[in-house]
Amino acid sequence: MSRLIAPLGIAAFFLGILLIVQQGSLPAPTYPSVPPSPASASADASATLRAHPPIPVGYRVQIPRLGIDLAILEGDIERDTVQYRTPDGYAFHLPGTAIPGTGANAYLYAHARPGMFLALWNVKAGDVVWISTPDGRALRYVVSEVHPRVPPSDTSWAAPSPPERLTLQTSTGPADTDPRFVVVAHPG
């Protein structure tokens with residue numbers, strides 16, 4: 001039974017994020033106790049994935065002071081939250097959120113492992129985050145907020161926004177109930 005609870009909790013977290021992106025406004029944070037039914041979750045997720053297109057191949061995230069330099073690939077909700085098969089060695093773009101440089105909230109996540117987002121735990125306000133684009137542009141963001149203990153059920157960080165921002169997320173532990181480590185950076 002406990003092996004089923006963990007995947008359902010993570011699926012509920014990402015479905016909540018997708019619903020926020022689909023609604024286009026920032027509601028008060030919600031703390032769901034029961035995930036939606038598979039039928040309604042599937043319909044909501046497929047509608048939400050059209051909110052913003054997938055990130056094209058060729059984007060990278062770099063935080064020079066922390067030694068972070070990762071290619072960005074499009075995330076996969078099923079693979080990453082239900083099957084627990086998120087690949088190593090990449091940062092992932094949360095489906096349905098903005099692509100960096102398009103004027104809204106671009107949400108990236110990666111494992112808290114060496115060579116990935118583990119070093120994010122040492123980020124400071126004022127650190128520079130670079131996003132390299134496939135067409136050779138370098139988008140500069142400056143860290144403005146660090147939130148080391150965000151409840152997994154708090155999906156407000158993935159909500160659409162102007163102004164433009166970059167939200168980075170990693171875990172603080174192996175359990176789906178462990179807090180998330182969230183960093184917000186703005187163009188600058």
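For clarity, every value in this text was computed on a predicted model and none was experimentally measured.
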TODO: Would you kindly confirm whether I63 and M116 end up in one hydrophobic cluster when ILVMFWY residues are joined by side chain heavy atoms under 4.5 Å apart?
DONE: yes
TODO: Look at the side chain of E74 and the backbone N and O of I55, then say whether any donor-acceptor pair between them is shorter than 3.5 Å.
DONE: yes
Task: D80 and T86: side chain donor to acceptor below 3.5 Å - done: yes
Task: Residues forming a side chain to side chain donor-acceptor pair (under 3.5 Å) with T177, sequence neighbours excluded - done: none
Open item on the list: Quick one: does any side-chain atom of H93 pair with a main-chain N or O of A98 as donor and acceptor, under 3.5 Å?
Closed with: yes
TODO: Apply side chain to side chain contact (heavy atoms under 4.5 Å, CB included) to A91 and list each qualifying residue two or more places apart in sequence or on a separate chain.
DONE: V61, L70, I72, A110, F117
Task: E164 (side chain) donor-acceptor with G101 (main chain) under 3.5 angstrom - done: yes
Task: Heavy-atom donor-acceptor pair, T81 side chain to I77 backbone, under 3.5 Å - done: yes
- [ ] Please name the pair of heavy atoms, one in S171 and one in W121, separated by the smallest distance, quoted to 0.1 Å.
- [x] O-NE1, 3.2 Å
TODO: State, yes or no, whether a side-chain contact exists between L166 and L108 at a heavy-atom distance under 4.5 Å.
DONE: yes
Open item on the list: Donor-acceptor pair, distance only, cut-off 3.5 Å: does the side chain of D178 make one with the backbone of A175?
Closed with: yes
Open item on the list: Applying side chain to side chain contact (heavy atoms under 4.5 Å, CB included), can you list everything that pairs with Q62, at least two apart in sequence or on another chain?
Closed with: R60, D69, W130, S132
Open item on the list: Please tell me whether Y109 and F181 are part of a single hydrophobic cluster in this structure, the criterion being side-chain heavy atoms less than 4.5 Å apart.
Closed with: no
Task: Side chain proximity check, E145 to W157, heavy atoms < 4.5 angstrom - done: yes
Open item on the list: Are V142 and V183 linked, directly or through intermediate hydrophobic residues, by side-chain heavy-atom contacts shorter than 4.5 Å (ILVMFWY only)?
Closed with: no
TODO: Say whether, by atom type as modelled, one donor and one acceptor occur between the side chain of T167 and the main chain of V184 under 3.5 angstrom.
DONE: no
Open item on the list: Whether the side chain of N122 engages the backbone of L66 through a donor-acceptor N/O pair (distance < 3.5 Å, no angle test) should be reported.
Closed with: no
Task: Side-chain heavy-atom pair K124, V143 within 4.5 angstrom cut-off - done: no
Open item on the list: Taking V128 as the starting point, is it possible to reach L139 by hopping between hydrophobic residues whose side chains are less than 4.5 Å apart?
Closed with: no
Open item on the list: Could you tell me if the side chain of R149 sits less than 4.5 Å from the side chain of R180, heavy atoms only?
Closed with: no
Task: Closest heavy-atom pair and its distance - G75, P95 - done: O-CG, 3.4 Å
Open item on the list: Quick check for you: to the nearest 0.5 Å, what is the distance between Y107 atom OH and T97 atom OG1?
Closed with: 9.0 Å
Task: Pairwise distance CD1(I68) to OG1(T170) - rounded to 0.5 angstrom - done: 8.5 Å
TODO: Examine I99 and V129 and state if one hydrophobic cluster contains both, with Ile, Leu, Val, Met, Phe, Trp and Tyr joined whenever side-chain heavy atoms are less than 4.5 Å apart.
DONE: yes
- [ ] Mind listing the closest non-hydrogen atom pair of A159 and R165 along with its distance?
- [x] O-NH2, 3.8 Å
Open item on the list: Tell me whether R79 forms a cation-pi arrangement with F92, defined as NZ or CZ under 6.0 Å from the six-membered ring centre and within 45 degrees of its axis.
Closed with: yes
Task: Intermediate values then yes/no, side chain to side chain contact (heavy atoms under 4.5 Å, CB included), Y59 and I131 - done: CA-CA 7 Å; Y59 278 81; I131 300 292; 3.7 Å; yes
